[in-house]
Amino acid sequence: MSASNIDHFIGGQVSPATSTRRQDVTNPATGAVTGRVALANAADVGSAVAAAQAAFPAWADTPPIRRARVMLKFLELVNQHKDTLAKMITAEHGKVFTDAQGEVSRGIDIIEFACGIPQLLKGDFTDQVSTGMDNWTLRQPLGVVAGITPFNFPVMVPMWMFPVAIAAGNCFVLKPSPIDPTPSLFMGELLKQAGLPDGVFNVIQGDKEAVDALLVHPDVKAISFVGSTPIANYIYETGAHHGKRVQALGGAKNHMVVMPDADLDQAVDALIGSAYGSAGERCMAISVAVLVGDVGERIMPKLIERTKTLKVLDGMNLAAEMGPIVTAAAHARITGYIEAGEKEGAKLLVDGRGFSGASAGKGCDNGFWMGGTLFDHVTTDMKIHREEIFGPVLSCMRVPDFASAVKIINEHEFGNGVSCFTRDGNVAREFSRRIQVGMVGINVPIPVPMAWHGFGGWKRSLFGDMHAYGEEGVRFYTKQKSIMQRWPESIGKGAEFVMPTAK
């Protein structure tokens, strides 16, 4: 059977590409090609932006309560079809089905948040700001906005963006990863079923050519991006150069500090789940364990055992704890990091490179398989500590005390997520206040904020000054307008040539 074509979604319908370029979409568990996704050119991007621009005036004028009703219907439909979306994720990304279900659930949280847009768009009002004069503020949509999203969360990360943007009155162009593009089209169909007018939500499939076309298009007013730091930096600089508002979320190197007083069994559970869940292909994955005092000697035997016994299986097997790596290229990159760790002197305790796909399930022999990898005695100068691996590799560091742990984390170029396991309230408080990282967990390994709080790191993990979703997301996708008003009866005679003041 030939692989099916995966196209764009423009103006409320699946739209064939004008570009002839296509890329294979594979099932990572089997290595089989399951689709051929279009790679847009500037003309395709122009069509999507034009459809969004045409739909914007009417959608912006739609009362927020009516926009919220569309979101409520969309919420109902996503809840009905969440397992369908999860299966699409597993088929193209490879993460285990239960993890994919969790991804969809976290996306649903954002839709629920966006349903409150009438309250979120309320402005401020001051009566009698000066004699006979009132002043108020309101928030209005930007116009056409775009989201450029990564392979690792093909449902949740787009949902960080478009429900809030659309509810606020904007029209949206989504450029998903070409690695797992199918869920984006299904979300477009569900939005249409929910009653969203054609053109308000569009999907343009593609690679860098599509990204560059969005970055320079004069009708695109804002860009949201999640991906690696080099690309985030490029998106931010290029978008800002062309006058766009940009939020670009970059890479991470997330540490988990384990204090001597921590519950070690809980810490082991947290490390195994956060390091190897989704094969480590998360920007909030814990990739470094910072073991304080004698913790290293006590915890390593437990970590070795658990890493060796990870259930690495086809993602549709409900017993699976970890699935395959997303692509052959990603597999090769992760393998290179493991080799670098060995060469630089880290102690390789568990090597995931020899894992055989034949043991993962029927038909998995040619998939992109790897087991969990565990390093000990990693130091700050090693490549496996300095750079984001984005794979199932956990690096352990030994430090003498709490201050040393904080110093290592604060000196790292990334500042996305961090965790500290301890029973000591003062340690927890000091850690939360002193650490130079945007999202902090105390006895929580993956501190991804809930829908109403907003997501974003510090340092080279975030370019731009507004976090994704939450109230900052509403501010990002709207512009504030201040209005001052008075009426003729309250206006004094004669021209005034000085700066207006309250009278």
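On a predicted model such as this, the values are computed, not experimentally measured, just so you know.
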Check: [Y] main-chain N/O paired with [X] side-chain donor or acceptor under 3.5 Å:
| X | Y | value |
| --- | --- | --- |
| Gln101 | Ala86 | no |
| Glu472 | His467 | yes |
| Ser15 | His8 | no |
| Ser4 | Gly35 | no |
| Asn254 | Ala285 | yes |
| Lys253 | Val288 | no |
| Arg106 | Val448 | yes |
| Asp109 | Ala451 | no |
| Glu103 | Met156 | yes |
| Ser461 | Gly415 | yes |

Heavy-atom pair with the smallest gap, counting every atom of [X] and [Y]:
| X | Y | result |
| --- | --- | --- |
| Trp458 | Val437 | CE3-N, 3.7 Å |
| Gly372 | Val350 | O-CG1, 3.5 Å |
| Pro392 | Met370 | CG-SD, 4.0 Å |
| Ala51 | Ile10 | CB-CG2, 3.8 Å |
| Leu190 | Leu77 | O-CD1, 3.4 Å |
| Val393 | Ile338 | CG2-CG1, 4.0 Å |

### Message
Between Leu191 and Met71, is the side-chain contact (heavy atoms from CB on, under 4.5 Å) condition met? List the steps.
### Response
CA-CA 8 Å; Leu191 283 164; Met71 284 294 108; 4.0 Å; yes
Drop me the distance from [X]'s [atom1] to [Y]'s [atom2], to the nearest 0.5 angstrom.
| X | Y | atom1 | atom2 | answer |
| --- | --- | --- | --- | --- |
| Leu348 | His377 | CG | NE2 | 12.5 Å |
| Arg245 | Ile223 | CZ | CD1 | 13.0 Å |
| Ile389 | Glu281 | CD1 | CD | 12.5 Å |
| Asp99 | Ser278 | CG | OG | 5.0 Å |
| Phe390 | Asn152 | CZ | CG | 4.0 Å |
| Leu249 | Phe455 | CG | CZ | 6.0 Å |

Indicate yes or no: does [X] engage [Y] in a salt bridge with an N to O separation below 4.0 Å.
| X | Y | value |
| --- | --- | --- |
| Lys407 | Glu411 | yes |
| Asp376 | Arg398 | yes |
| Asp180 | Lys95 | no |

### Task
Give me the one residue out of Asp207, Val203, Thr149, Ile204 that meets side chain to side chain contact (heavy atoms under 4.5 Å, CB included) with Lys175.
Ile204
### Query
Which of these passes side chain to side chain contact (heavy atoms under 4.5 Å, CB included) with Leu214: Val144, Ile235, Val220?
Val220
Please tell me whether [X] and [Y] have a donor and an acceptor in their side chains that are separated by less than 3.5 angstrom.
| X | Y | value |
| --- | --- | --- |
| Asp7 | Gln205 | no |
| Tyr276 | Glu321 | no |
| Thr26 | Asp24 | no |

Are any of the side-chain heavy atoms of [X] and [Y] separated by less than 4.5 Å?
| X | Y | value |
| --- | --- | --- |
| Phe9 | Met187 | no |
| Met161 | Val145 | no |
| Pro449 | Met439 | yes |
| Val378 | Ile384 | yes |
| Glu237 | Phe463 | no |
| Asp212 | Tyr234 | yes |
| Met159 | Phe153 | no |
| Ile89 | Val104 | yes |

### Query
Going through the distances and angles, do Asp314 and Lys362 end up as a salt bridge (Lys or Arg N to Asp or Glu O under 4.0 Å)?
CA-CA 8 Å; Asp314 185 332; Lys362 185 177 179 181; over 6 Å; no
### Task
Examine Lys192 relative to Phe201 and say whether NZ or CZ is less than 6.0 Å from the centre of the six-membered ring and inside a 45° cone about the ring axis.
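That pair does not qualify as a cation-pi contact.
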### Task
Can you spot which of Tyr469, Tyr477, Phe476 makes a ring pair (Phe, Tyr, Trp, His ring centres under 6.0 Å) with Trp160?
Tyr469
### Intermediate values then yes/no, side-chain contact (heavy atoms from CB on, under 4.5 Å), Ile409 and Val257
CA-CA 9 Å; Ile409 296 165; Val257 176; 3.6 Å; yes
### Query
Once the angle between the rings of Phe162 and Phe74 is folded into 0 to 90°, is it parallel (under 30°), tilted (30 to 60°) or perpendicular (over 60°)?
tilted
### Ser432/Ile442 under side-chain contact (heavy atoms from CB on, under 4.5 Å): CA gap, chis, key distance, verdict
CA-CA 8 Å; Ser432 300; Ile442 302 298; 3.6 Å; yes
### Message
For His385 and His255: C-alpha separation, side-chain torsions, deciding distance, then whether side-chain contact (heavy atoms from CB on, under 4.5 Å) applies.
### Response
CA-CA 10 Å; His385 179 256; His255 300 72; 2.9 Å; yes
#### Entry: Lys87 atom NZ, over 12 foreign heavy atoms within 6.0 Å
no
#### Entry: NE2/His241: more than 12 non-hydrogen atoms of other groups inside 6.0 Å
no
